[in-house]
Amino acid sequence: MKRRVKKSSILVLIFVIVVVTCLIWYTINTLNYHKTYQYKLRKIGYSKEEIEIMDELKDNTKDYILSIDYNKDITLFIKEKYFIETNLKDYLEYYKENDYDITNVVSIVNVKANKEWYSDTKKTDLSKGHLMLTNKFNYLDNSYNSDNMVSVSKQYSYGENQMLTKETFNAFLNMFNAAKKEGLTLIINSSYRSYEEQDEVYNDYKSSRGEEYADKIAARAGFSEHQTGMAVDIQTYGSTGATFEEFDEFKWLSENAYKYGFILRYPKGKEHITGYEYESWHYRYVGVEVAEYIHNNNITFDEYYAYFIEKN
Ligand SMILES: [Zn+2]
């Protein structure tokens, strides 16, 4: 009898211990789960699928998402090809206030075109070499000149004293010869421009047509790609800026320039990203690899730079 009692008390004790352990375990787990982003995001309305998409984000981005109301657009932005995490807040704000679709909003914010042109400017990062970016937010000092410039022989150009970086001119020669084989002639109409020359070009437009017009078609001094020595304005016999795109030379360049490292720098339909009117004649040397990517993916150099060069 005594033995039996002892045995059952032990069983009861074990049972109690197991139950208490389970309760403690359950409580700790629940408390820990309540601390997870998964729980907190679920609580403000995100679905399992959405939370999975957010999984790769850094903690401070998740904290930001938790600090605002449920927003069904967040995961659409994350899934974008050129999504940059640190821009999420700006994407959402810009998307709310403008009529662009999500893909365009990502491009616009990535290149900082959600800001006023020429605001928040900084010096061009010269260490990027032939991938340096000069646009309405990145400028060259008035003293900047590439130390690797060569003169362009007159047979390839209109006017006197055309100059390009050696690398750009060599690439142009390869392109020129390939076009020649097809019976086409590429003529350099404008190439390197010093800070002072660009200042004159811009101010001429500004004084004759006003600042707004000048800013659409010309860069302010320091902000011109022509100062890099890696930009060429191309024409052919009989063409002008307005008509170049009707010539076979333009069609050939559209299909082949990237093979020689050149890109159409200010394409049609990308004015809101580049800040410039479409220029069928303005080509920028960026090297074959980058030019091919830009050509195949139909993006601008500004977008390429923001995502592949500046972000890393
Ligand atoms: Zn140009």
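We number each residue from 1, following the sequence as shown. Ligands are counted one by one from 1 in listed order, and the atoms in each one are counted from 1 as well.
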Open item on the list: Using modelled atom types and a 3.5 Å cut-off, is there a donor and acceptor pairing between side-chain atoms of T36 and backbone atoms of Y39?
Closed with: yes
Task: Qualifying residue, where the test is side chain to side chain donor-acceptor pair (under 3.5 Å) with R265 and the options are E279, H282, E225 - done: E225
Task: Cationic N near anionic O, under 4.0 Å, E292 to K259 - done: no
TODO: For the Zn ion (ligand 1), find the closest N/O/S atom on D233 and give its atom name.
DONE: OD1
TODO: State whether E279 contributes an N/O/S atom found under 2.8 Å from the Zn ion (ligand 1).
DONE: no
Open item on the list: Could you tell me if E50 and Y70 have a donor-acceptor pair between their side chains, going purely by distance under 3.5 Å?
Closed with: yes
Open item on the list: Among the N, O or S atoms of H282, which one sits nearest to the Zn ion (ligand 1)?
Closed with: ND1
